[in-house]
Each structure stands twice: as structure tokens, then as C-alpha cells.
Asks: 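Submitted below is the structure of interest, expressed as C-alpha cells.
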Amino acid sequence: MKQIVIDTVRNALENLKEKWGLAATPDVDVEVPKNEAMGDFATTVAMGLTKILKKPPRKIAEEIVEAINASIPLLEKGGEGGFDIFESVTIAGPGFINFKFRRELFYREFEKLLTERHSALRTDLGKGRRVQVEFVSANPTGPLHIGHGRGAAVGNALCNILKAAGFDVEREFYINDAGLQVKHLGRSVYARYQQLLGNNVPFPEDGYKGEYIKSISDEFIKRAGDKYLNKTFEECGAFFTNVAYKKMLADIAQDLRDFGIVFDRWQSEKELYVKPEDKGRKSEVESSIDALADRGYIYEKDGAVWFKSTLFGDDKDRVIVKRDGEYTYFASDIAYHKDKLDRGFDTIIDIWGADHHGYIPRLKSVLEAFGLPREKFRVILIQMVALLRHGEPVQMSKRSGEFVTLREVIDEVGADTTKFIFLTRRADSQLEFDIEVAKEQSAENPVFYVQYAFARISSIFRQAEERGVGSQKSEVRSQDISALKEDEEISIIKRLLQYPMVFEGAALSMEPHRITYYLQELSGVFHSYYNKHRVISDDAELTKARLSLCRAVQIVLEEGLKILGVSAPERM
RNA sequence: GCGCCUGUAGCUCAGUCGGAUAGAGCAACUGCCUUCUAAGCAGUGGGCCAGGGGUUCGAAUCCCUUCAGGCGCGCCA
């Protein structure tokens with residue numbers, strides 16, 4: 001429908017172009033007015049042309065409207081049905097041109113929604129292009145916390161959006177299993193193990209002190225008894241480290257599954273360092289550095305190996321191999337992102353905690369050095385989550401072991417509510433998450449508001465089937481739809497037909513929260529309608545029509561909730 | 001010191017590419033259940049869009065600056 005307006009205006013401008021002496025047709029910008037009474041769509045193109053044409057905007061608008069009126073019959077002939085498309089095309093305010101569609105057009109589009117269902121709601125923006133989204137990627141050294149949960153919820157919703165928009169999406173979790181951190185984990189578990197068996201070794205300075213360390217140690221005892229008692233960390237540390245982080249990783253995967261999020265692929269950092277069996281072959285880290293060197297972006301200085309990231313806008317060059325011969329963390333990141341390119345992704349999206357924002361320029365540099373156009377790499381930063389309980393901040397220190405895990409929040413608040421709250425905020429604004437508020441307000445919680453609308457409709461259909469007046473599977477008939485004449489009904493239909501635009505906006509801007517807000521608005525107009533009008537009545541035709549309306553709302557709610565990763569319950 | 005993010009109603013937050021009278025939820029107050037789910041609806045009040053300057057037909061939105069909060073700025077991961 002938006003396209004109809006754009007085409008109409010563009011067509012008019014095309015005709016006016018010569019008269020105005022313009023070289024090119026100006027871009028047409030169409031929006032939905034804030035106030036529904038103003039019209040269904042509006043364009044500000046007349047105001048934008050004041051400077052070039054040196055005429056008052058309203059005068060320009062008049063000329064455009066005249067041209068539109070002259071061209072409408074053409075549209076009618078062009079297969080838009082046997083009726084005029086517009087109820088009115090008017091000028092308002094400083095020079096807005098407002099468009100009101102004829103009701104028949106809404107009916108036609110509405111019928112399309114009912115017959116095509118979910119496929120009518122999606123636009124193919126991706127055309128099968130491959131997108132890789134890396135998110136969460138938490139260190140496997142402790143349980144997931146609430147911040148990871150936010151990243152998981154946003155990443156998951158974004159993937160759902162992109163998939164619905166026709167992209168071939170891969171969800172990936174990058175495992176930081178190579179660095180010092182997992183070693184600290186191993187040391188911590190080793191120390192607890194010894195202590196639990198009475199060998200009072202000192203707990204490592206950089207160790208993890210959480211309860212979970214103790215429970216992993218307990219498992220070691222259960223499985224291996226005192227086999228490693230009094231052995232040094234040098235003797236058995238690799239074993240402890242290995243088993244411990246794998247256990248952590250398994251827990252993380254389980255937490256994510258319980259949060260409703262499943263990854264397609266888990267990439268180990270350590271594997272990037274593995275040299276293949278056959279001699280002469282190099283690890284991915286080595287060959288990725290070679291590839292940069294081949295392009296002339298590598299140099300040595302002060303005994304270290306550097307990447308010339310300043311060539312691509314970074315404020316300083318970055319070390320890849322330290323003076324002591326060890327690789328920096330950045331080295332494996334180079335290998336990893338090169339690997340993403342080699343796997344043939346068209347677009348690469350990384351979702352990071354906002355505290356990593358300083359890494360964006362250097363990774364952009366890497367991908368650009370390997371030839372990926374700037375706009376094909378996108379980092380979405382997830383701002384910090386301040387966890388509260390009764391308005392009081394909850395301490396979140398991994399080292400001290402004092403923190404609330406994602407698992408605890410899911411168990412206490414619920415996965416749906418938790419996800420929904422994360423998705424009602426823009427990713428780049430900090431957010432307060434008060435566990436008690438999320439829980440206690442459960443009756444007033446926005447997620448229930450939306451789910452309730454869905455459940456209510458399900459209930460109406462149960463009722464309808466009981467009385468034999470209709471069901472969810474009923475065929476839609478055009479003559480039924482025209483019984484929908486109430487203002488609220490037209491209003492709901494319009495709102496439903498706006499979904500594809502909201503969805504497209506969310507996909508292009510990569511902002512899932514737009515869908516969350518839309519669903520709340522749609523639920524709002526439905527609840528209001530429900531209270532004012534009865535769906536099932538003695539009027540059989542009207543009942544059928546209203547059931548169709550309910551069905552359509554249900555389809556859109558289901559689609560939106562599915563994208564957010566939130567359930568759509570039939571009963572509440 | 002430099003860089004990034006944020007500052008909108010009492011609280012938590014939306015606000016599309018610069019557009020019309022700046023919105024929602026919570027909290028407060030007033031009403032609505034013998035009829036499809038009251039986890040709902042109808043209504044009332046609530047604003048120097050942090051402050052100041054600029055750009056223009058037009059600014060919460062863009063630019064500059066000040067203030068406030070958060071996060072970064074290693075041959076750490």
C-alpha cells in the first residue's frame with residue numbers, strides 16, 4: 001500500500017519534472033501520519049522542494065495533487081480493481097500531502113492477509129543472501145549472567161527477523177577456550193579439588209570464587225576420587241582445565257536452550273591454533289596472518305609483529321604476536337573473522353557487550369583488509385544491564401563469585417518475561433532490570449498484555465466452535481469482510497496492514513524492539529475493541545466477519561511473538 | 001586527557017530519513033464484570049525533550065559547546 005502511494009507521487013512528479021525544469025525526479029518519502037484522522041499516508045515531498053523551486057510549499061503541493069488527480073484513472077485501468085484507490089488526497093499544514101485510501105482497498109489487502117497468512121507479512125529483503133550473526137560468545141569460565149541474556153535475546157530476535165526477511169542466517173557462538181581465562185578456571189577447580197580433599201593449597205589470585213567452582217570440583221571427586229590428590233597443577237592442570245571448561249560450556253548451552261535459544265554452530269578459538277596433521281600446513285591463525293602479510297599489512301617492530309590497522313581508520317596499529325612469541329587475543333580474532341569470510345557470508349554481524357566497543361575499529365580494519373566492504377560488517381553493541389532487586393543494585397562481580405545468573409533470573413521471572421523486557425529497549429541504551437518488579441508486576445507486565453490478547457482470541461474461537469458458528473480454519477469470504485464497518489474495525493485492519501512496514505523497518509535498522517512496540521499497540525486496539533463490541537452475536541454474517549478479524553489479529557500476533565522468541569499461549 | 005553510548009512525564013522507556021498538537025506502561029485518582037478470559041476497558045492529571053548557541057520553511061532528532069551518568073582507551077582476555 002505504501003508502494004502505491006510512492007508510485008502515485010513519483011508518477012505525478014515525473015509529469016511535473018519538465019514543467020519545473022528539473023533534471024531528475026526527486027526522491028519520494030512516504031510516512032504514516034501520527035494522527036490517524038490526518039490520513040493513511042503522507043508525503044513531505046512538497047516541503048522538500050521549496051528551496052529548489054523557490055515557491056511556497058503549499059503551492060507546490062497543489063500542483064502535485066493536480067497531477068495526481070490527472071493520473072489516477074491510469075492507475076485504475078492498471079489493474080487496481082474496479083474502484084478508485086483514494087478516498088481523498090489533500091493538502092494540510094505547512095505542505096503535507098495526505099492520502100486516504102478507499103475502504104475497499106483495505107478490504108482487499110485484508111483478505112490477502114487472511115488467505116496468505118504469515119507469508120503476507122514478510123518481505124524478501126535478503127533474497128537468500130547469507131548472513132552470519134555471532135552473539136553471546138561468553139567465556140566458558142562461569143555461568144551466563146543477565147547481560148549475556150540480553151545479548152542472547154536481542155541476537156536471537158534479530159536472527160529471526162533476518163530469516164523472516166529472506167536471509168540465510170547462521171547463528172554462531174564463539175568459544176574463548178584458548179586464553180588465560182580458561183586456565184584460571186582450571187586452576188580454580190584444581191585448587192578447590194585439593195582443598196576439598198584436605199590438601200590446603202592456596203587459592204589462585206586470579207581464580208574464580210563462585211559456588212559453581214565447588215560443584216565442579218565435587219564432580220571431579222565423584223568421578224576420579226583422590227586420583228589427583230597431591231599432584232601438582234603442572235602434572236594434571238591440562239586435564240582439570242579441559243574438563244572444567246567443557247562442563248561450563250555444556251551448562252551455558254543448556255541455559256541458552258532453556259532460554260529458548262539454539263545456535264547453529266559453536267566455533268572454538270583453540271581450534272584456530274591447531275596445526276593440521278600433514279607437515280607444512282599451518283594453523284588458521286598463522287595462515288590468516290600470512291594472508292595479511294601478503295597484502296603488505298604486517299610489519300615487525302620492537303620484536304613484535306604488528307597489523308597496520310591505521311591504514312583503515314584505527315587510531316593505532318595493533319600487535320598480533322608479542323615480543324615473547326605468544327599471540328595476542330587479536331590474532332585469533334583475525335583468523336576467526338577471516339574464516340567467516342572464507343565461509344562465504346555476505347554480511348557479518350557481531351553482537352558484543354558495549355564494554356568491547358573499543359575493538360570495533362580494529363576488526364573493521366581486519367575485514368576491510370581482507371576485502372569486505374565496510375557496510376557488510378556490522379557490530380551491534382548491547383549496553384549494560386543494571387540488575388536490581390527492590391530498587392537496590394545487585395552486585396555483579398564474577399571474580400568474587402557474587403552474582404545472579406541468567407539461570408536464576410529465568411527460574412524466578414520466566415523466560416518469556418525476561419526476553420520481552422530485553423526487547424522493549426533499544427540495544428544501545430542501558431537498562432535497569434529489577435527482578436522484583438518483573439515478577440511482582442506480572443499481572444501488569446507488557447508481555448502478558450500481548451499474550452493475553454492472543455489467548456483471548458483463542459478463547460473466542462473455542463467458544464465459536466462450541467456454538468458451531470465458526471472456527472479458526474473457516475474459509476474467508478469477501479462478502480463477509482465488508483460487514484466490518486465499525487471505526488474500531490477499520491482501525492484494526494489498518495494497523496494489521498502496517499505490520500510489514502514495521503517489520504521491514506526492524507530488519508533494515510536491525511532493531512527488534514520495533515516489533516515489540518508494534519505488538520503492544522496492536523494488542524491495545526484489540527483489547528479496546530473486544531470491550532466495546534461482541535464478536536459472537538446472533539447476526540451470523542457479522543459474527544463470521546468479526547471472527548475473520550480476530551483470526552487476522554491472531555496471525556499477526558503469532559508472527560510477531562515468534563520473531564521475538566516469545567510464546568503465544570492459547571490459554572492464560 | 002582522548003573516544004563511544006546515554007540524558008524525553010514522579011519511575012521505566014518509545015519517538016522512523018529533520019515534519020503536523022512529543023507518546024506508552026507503571027505509579028496516582030474516578031468509573032466498568034448475570035453476556036466471547038477484568039492478566040482487560042473507559043476517563044483525569046502529569047513535560048524548559050539536561051542547559052546554552054547554531055543550521056532552516058520546520059529541530060527531541062543534525063552541528064558546536066557546557067553539565068551529568070555509564071563504558072572503553074595494554075605486547076590483558
Side-chain angles (χ1 to χ4, degrees), chain A residues 27 29 31-35 38 42 44 47-48 50-51 56-57 92-96 98 139 141 176 178-182 184 269 301-306 315-316 318-324 326-330 332-333 353-361 381 383-384 386 391 421 424-434 437 441-453 455-464 466-467 469 501-502 505-506 508-509 511 513-514 516-517 520-521 523-524 526-537 543 546-547 550 571-572:
Chain A
D27 283 338
D29 171 36
E31 62 189 34
V32 177
K34 272 181 199 164
N35 192 337
M38 292 167 178
T44 59
M47 291 182 278
T50 45
K51 213 178 232 173
F96 288 95
N98 291 335
N139 277 343
T141 53
N176 296 119
L180 226 51
Q181 298 305 323
V182 287
H184 289 320
E269 178 188 5
K301 197 182 89 180
D302 303 334
V305 177
W306 299 69
D315 26 294
K316 54 180 289 194
R318 305 293 170 178
V319 171
I320 299 174
V321 185
K322 295 186 266 181
R323 211 181 321 183
D324 64 8
E326 293 281 313
Y327 288 105
T328 62
Y329 176 79
F330 184 46
S332 49
D333 260 347
D355 51 341
H356 289 87
H357 72 256
Y359 276 75
I360 297 175
L381 294 177
Q383 275 294 343
M384 304 286 116
I421 288 174
T424 47
R425 265 77 166 176
R426 264 183 17 250
D428 58 2
S429 70
Q430 285 142 251
L431 111 82
E432 288 188 7
F433 191 101
D434 193 312
V437 172
Q441 281 188 349
S442 64
E444 308 288 344
N445 217 303
V447 66
F448 297 116
Y449 187 75
V450 176
Q451 288 180 323
Y452 187 54
R456 250 187 172 167
I457 295 171
S458 305
S459 170
I460 293 171
F461 277 111
R462 281 194 295 272
Q463 194 79 27
E466 238 170 69
R467 299 191 197 178
V469 290
M501 280 183 280
V502 174
L508 292 172
S509 63
E511 292 176 344
H513 76 273
R514 295 192 191 198
T516 317
Y517 275 88
Q520 291 184 67
E521 282 167 20
S523 303
F526 177 75
H527 283 308
S528 177
Y529 173 67
Y530 177 89
N531 272 270
K532 195 166 171 186
H533 302 285
R534 285 195 61 81
V535 174
I536 300 169
S537 65
T543 299
R546 290 186 170 170
L547 283 173
C550 287
R571 287 172 206 271
M572 284 176 75

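A, B, ... follow the sequence lines: proteins, then strands. Residue 1 opens every chain.
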Asks: For B/rC33, does the O4'-C1'-N9-C4 or O4'-C1'-N1-C2 angle fall within 90° of 0, making it syn, or is it anti?
Replies: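 Classified syn.
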Asks: Give the nucleotide from the list B/rG19, B/rG40, B/rA14 with an atom nearest to the side chain of A/Tyr452.
Replies: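 Looking only at side-chain atoms, A/Tyr452 lies closest to B/rG40.
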Asks: For B/rC5, does OP1 or OP2 lie under 4.0 Å from any side-chain N or O of A/Arg426?
Replies: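 So the side chain of A/Arg426 is outside the cut-off, no N or O lying under 4.0 Å from OP1 or OP2 of B/rC5.
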Asks: Can you name the side chain to side chain contact (heavy atoms under 4.5 Å, CB included) partners of A/Met47, sequence neighbours left out?
Replies: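 Checked A/Met47 against side chain to side chain contact (heavy atoms under 4.5 Å, CB included); matches are A/Thr44, A/Pro57, A/Pro94, A/Phe96.
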Asks: Distance check, C1' atoms only: B/rA22 and B/rU61, in whole angstrom units.
Replies: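 The same atom, C1', in both gives a distance of 12 Å.
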Asks: Write down the distance separating the C1' atoms in B/rC33 and B/rA38, rounded off to the nearest Å.
Replies: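 So the two C1' atoms sit 7 Å from each other.
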Asks: Parallel, tilted or perpendicular: which fits the ring planes of A/Tyr517 and A/His513, with parallel below 30° and perpendicular above 60°?
Replies: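 Ring orientation of A/Tyr517 relative to A/His513: perpendicular.
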Asks: Once you apply the 3.5 Å cut-off to both distances, tell me the Watson-Crick or G-U wobble partner of B/rA60, or none.
Replies: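 In the structure as shown, B/rA60 has no Watson-Crick or wobble partner.
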Asks: Quiz question: by atom type and distance under 3.5 Å, do the side chains of A/Arg514 and A/Ser509 form a donor-acceptor pair?
Replies: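 Present: a donor and an acceptor within the cut-off.
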Asks: Between A/Lys532 and B/rC36, does any side-chain N or O lie under 4.0 Å from OP1 or OP2?
Replies: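 No, A/Lys532 has no side-chain N/O under 4.0 Å of OP1/OP2 on B/rC36.
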Asks: Please report the interatomic distance CD1(A/Ile536) to CG(A/Leu547), rounded to the nearest 0.5 Å.
Replies: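 The distance works out to 6.0 Å.
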Asks: Assess the side chains of A/Ser332 and A/Glu269: does a donor N or O sit below 3.5 Å from an acceptor N or O?
Replies: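 Looking only at side-chain atoms, A/Glu269 and A/Ser332 do form a donor-acceptor pair, the distance falling under 3.5 Å.
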Asks: Using the C1' atoms only, state how far B/rG25 lies from B/rC41, rounded to an integer number of Å.
Replies: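 That atom pair is separated by 15 Å.
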Asks: Any side-chain N or O of A/Lys322 below 4.0 angstrom from OP1/OP2 of B/rC76?
Replies: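 Checking A/Lys322 against B/rC76: at least one side-chain N or O falls below 4.0 Å of OP1 or OP2.
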Asks: How far does the P atom of B/rU6 sit from the matching atom of B/rG74, given to the nearest Å?
Replies: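 It comes out at 23 Å once rounded to the nearest Å.
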Asks: A/Phe96 stacking on B/rA20: centroids under 5.5 Å, ring planes under 30°?
Replies: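 Per 5.5 Å and 30° rule: yes, stacked.
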Asks: So, taking the atom named CD1 in A/Ile320 and the one named CD in A/Glu326, what distance separates them when rounded to the nearest 0.5 Å?
Replies: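 Nearest 0.5 Å value for the CD1-CD distance: 15.0 Å.
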Asks: Considering only the C1' atoms, how many Å lie between B/rA60 and B/rC17, rounded to the nearest integer?
Replies: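 Rounded to whole Å, the distance is 16 Å.
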Asks: For B/rC41, measure the glycosidic angle (O4'-C1'-N9-C4 for a purine, O4'-C1'-N1-C2 for a pyrimidine) and name it syn if it falls within 90° of 0, otherwise anti.
Replies: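 B/rC41: anti.
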Asks: Is any side-chain N or O of A/Tyr530 closer than 4.0 Å to OP1 or OP2 of B/rA42?
Replies: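 The answer is no; no side-chain N or O of A/Tyr530 sits under 4.0 Å from OP1 or OP2.
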Asks: On a whole-Å scale, what distance lies between the C1' atoms belonging to B/rA24 and B/rC63?
Replies: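 Straight-line distance between the two C1' atoms is 31 Å.
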Asks: Of the listed nucleotides (B/rC41, B/rA20, B/rU12), which one gets closest to any side-chain atom of A/Ser528?
Replies: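 That would be B/rC41.
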Asks: So, under a plain 3.5 Å distance rule, would you say the side chain of A/Asp29 forms a donor-acceptor pair with the base of B/rC17?
Replies: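 Between B/rC17 and A/Asp29, which were checked side chain against base, a qualifying N/O pair under 3.5 Å is present.
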Asks: Test for a donor-acceptor pair under 3.5 Å between the base of B/rG72 and the side chain of A/His356, counting only N and O atoms.
Replies: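 Result: no qualifying N/O pair found.
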Asks: When the C1' atoms of B/rG52 and B/rG46 are considered, how many whole Å apart are they?
Replies: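 Per the computed distance, 27 Å lies between those C1' atoms.
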Asks: Map A/Phe448 and A/Phe461 onto RNA chain B by nearest heavy atom, then report which one ends up closer to the 5' terminus.
Replies: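 Between the two, 5'-proximity favours A/Phe461.
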Asks: Expressed as a whole number of angstroms, how long is the span from A/Asp434:CG to B/rG25:C1'?
Replies: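 After rounding, the reported distance stands at 15 Å.
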Asks: Look at the side chain of A/Glu31 and the base of B/rG19, then say whether one donor and one acceptor between them are separated by less than 3.5 Å.
Replies: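 Answer no: no donor N or O sits under 3.5 Å from an acceptor.
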Asks: Compare the minimum distances between each of B/rA20, B/rG40, B/rG74 and the side chain of A/Lys316, then state the nucleotide with the smallest one.
Replies: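 So the nucleotide nearest the side chain must be B/rG74.
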Asks: Closest nucleotide of RNA chain B for A/Ala178 versus for A/Ser429: which of these residues is on the 5' side?
Replies: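 The residue whose closest nucleotide sits nearer the 5' end is A/Ser429.
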Asks: Using the P atoms only, state how far B/rG10 lies from B/rC64, rounded to an integer number of Å.
Replies: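 Each nucleotide's P atom is 30 Å from the other's.
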